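Each chain gets a letter, A, B and so on, in the order the sequences are listed, and its residues count up from 1. Computed from a predicted structure; not experimentally measured.
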2 protein chains.
Amino acid sequence: MLAQQQHRLIHDIYVMLDDGDRRVLETVDLSPLEFAVLQRLDPSQGRRLTDIGAELLCVKSTITRLVDRLEADGLVRRMPDPDDRRAQRLVLTPRGISVRDEAAELHSAAVERRLSLLAPAEQQLLCELLAKLRAGLQRDLAGA
Amino acid sequence: MLAQQQHRLIHDIYVMLDDGDRRVLETVDLSPLEFAVLQRLDPSQGRRLTDIGAELLCVKSTITRLVDRLEADGLVRRMPDPDDRRAQRLVLTPRGISVRDEAAELHSAAVERRLSLLAPAEQQLLCELLAKLRAGLQRDLAGA
DNA sequence: TATAATCGCTTGCAGTTGCAACAGTTGCGC
DNA sequence: GCGCAACTGTTGCAACTGCAAGCGATTATA
């Protein structure tokens, strides 16, 4: 019963947050998923497409085409993986870094505004509980 | 800073929950959004399509076509609204009720299993904090 | 009362995503 | 070394979604 309530709350909250994110990010021509990918990239050594897909729980073909778009916009570049000729390493271009930073700043400000409804102590507590929950879900997912 | 952390946690948790929901619900041929619609329907008096869309933050055309599918499957029926000839009231068919109940049971069990990672007292606390957050976001959304 | 603005829903179109099938690469057991 | 399973990324296809335009019904305004 309590679990159902938690699920519903998280669902409702996510829907509203995602809707807000979408509005903010479209000012820099990014979808929430594209932003999530950019945020997970490391400008120095890059990441493999499959790893990104696994982290965001979407199939490889989705990443392939999302990266196609980002690459066409000049935000990322596919580099051959030195250790595995099957793989590609995805790195941020200078332009990618600046767009990501700009998006992150806008996004941060919007998130800050919407999520500062709770008192700092409550926020701290909420973070701890959510972190515990996330860790449990990740273990559960790894086990299945 | 804390707000960013909250956002990330909610995002990650939602992605995992949604992925799990998708797997469970596809055994009864429903998408998470279709299930959300069914759960928000009242078998007695029905609801208008626009209201459902507003609650789920998706555009009306999405609801139109989602309802087309549900109606083709015999789960819901469009009824003329007695008070407004523009509107349609959506009601569950008997088959719709049984499918919704079956889905709800499967979904409940899966949610229960995944969300029982925290101690009951922690769950209670989490629910209170999330409820407060949701209420704040809803106010924020209504104001904008 | 007549006209305009709004509302509820649907349709055409374009963009995004998942699934299944595929080519090339790697690693393992033999 | 050889063959086979597993893995990385791509493509065709179908399904789902949002946006803009449109139609009939309703409400507001003059």
Side-chain angles (χ1 to χ4, degrees), chain A residues 14-16 18-27 29-38 41 46-73 75-91, chain B residues 14-16 18-38 41 45-73 75-91:
Chain A
Y14 177 80
V15 166
M16 288 188 281
D18 185 61
D19 183 67
D21 289 352
R22 204 169 291 278
R23 292 172 199 281
V24 170
L25 292 173
E26 77 182 2
T27 65
D29 271 318
L30 289 175
S31 72
L33 188 55
E34 288 167 344
F35 180 60
V37 169
L38 291 184
L41 286 185
R47 295 192 65 189
R48 299 184 329 173
L49 303 197
T50 298
D51 293 342
I52 298 170
E55 195 165 317
L56 296 171
L57 293 184
C58 55
V59 299
K60 295 176 294 182
S61 60
T62 298
I63 302 296
T64 292
R65 281 177 285 225
L66 186 149
V67 169
D68 287 346
R69 297 193 293 273
L70 292 178
E71 199 169 24
D73 288 345
L75 305 183
V76 302
R77 224 175 45 207
R78 286 174 165 94
M79 303 281 282
D81 186 312
D83 302 328
D84 187 337
R85 275 190 299 166
R86 294 172 299 182
Q88 310 265 3
R89 294 205 158 267
L90 201 61
V91 296
Chain B
Y14 177 81
V15 166
M16 289 188 280
D18 185 62
D19 184 66
D21 290 352
R22 205 170 291 278
R23 291 174 200 279
V24 171
L25 292 172
E26 77 183 3
T27 66
V28 287
D29 272 318
L30 289 175
S31 73
L33 188 55
E34 287 167 346
F35 180 60
V37 170
L38 290 184
L41 286 185
Q45 64 184 40
R47 294 192 67 189
R48 300 183 330 173
L49 304 198
T50 298
D51 293 342
I52 299 170
E55 196 166 316
L56 296 171
L57 291 185
C58 54
V59 299
K60 296 174 292 182
S61 61
T62 299
I63 302 296
T64 292
R65 281 177 285 225
L66 185 148
V67 169
D68 288 346
R69 297 193 294 274
L70 292 177
E71 198 169 24
D73 289 346
L75 304 183
V76 302
R77 224 175 44 207
R78 285 174 165 95
M79 303 282 282
D81 186 311
D83 301 328
D84 188 336
R85 276 189 299 167
R86 292 172 301 184
Q88 309 266 2
R89 294 205 157 268
L90 203 61
V91 296

Whole-Å distance separating the [atom1] atom of [X] from the [atom2] atom of [N]:
| X | N | atom1 | atom2 | answer |
| --- | --- | --- | --- | --- |
| B:Leu33 | D:dA15 | CG | P | 17 Å |
| A:Asp18 | C:dT17 | CG | P | 11 Å |
| A:Asp29 | C:dT16 | CG | P | 10 Å |
| A:Asp73 | C:dG15 | CG | P | 13 Å |
| A:Asp19 | D:dT17 | CG | P | 15 Å |
| B:Ile52 | C:dC9 | CD1 | C1' | 13 Å |
| B:Leu49 | C:dT11 | CG | C1' | 15 Å |
| B:Glu26 | D:dC16 | CD | P | 13 Å |

Nearest non-hydrogen partners of [X] and [Y], listed with the distance:
| X | Y | value |
| --- | --- | --- |
| A:Asp29 | A:Glu34 | O-OE1, 3.9 Å |
| B:Thr27 | B:Val24 | OG1-O, 2.6 Å |
| B:Asp51 | B:Arg47 | CB-NH2, 3.8 Å |
| A:Val37 | A:Leu66 | CG2-CD2, 3.8 Å |
| B:Gly53 | B:Ile63 | CA-CG1, 3.7 Å |
| B:Arg22 | B:Pro32 | NH1-CD, 3.8 Å |

Check whether more than 12 heavy atoms from other residues, nucleotides or ligands sit under 6.0 Å from atom CZ of A:Arg77, and answer yes or no. no

Under-3.5 Å N/O pairs linking protein and nucleotides 24-26 of chain D:
from	atom 1	to	atom 2	distance (Å)
D:dT26	OP1	B:Arg85	N	3.0
D:dT26	OP2	B:Arg85	NH2	3.1

Please determine whether a side-chain nitrogen or oxygen atom of B:Thr50 lies at a distance below 4.0 Å from atom OP1 or OP2 of C:dC7. no

Electrostatic pair A:Arg69:A:Asp73 at N-O distance under 4.0 angstrom: no

So how far is it from B:Glu71 CD to B:Leu90 CG, rounded to the nearest 0.5 Å? 7.5 Å

At what distance, to the nearest 0.5 angstrom, does CG of B:Asp18 lie from CG of B:Leu25? 9.5 Å

When we call it a touch if two heavy atoms are under 4.0 Å apart, what does B:Arg78 touch: a base, just sugar-phosphate, or nothing? sugar-phosphate

Could you list by number each residue of residues 58-69 of chain B showing a heavy-atom separation from DNA chain D of less than 4.0 Å, or answer none if no residue does? B:Cys58, B:Val59, B:Ser61, B:Thr62, B:Arg65, B:Arg69

Heavy-atom side-chain proximity of B:Leu49 to B:Lys60 below 4.5 angstrom: no

Between the first and last five pairs of the helix from C:dT1-D:dA30 to C:dC30-D:dG1, the angle of the axes, rounded to 10 degrees: 30°

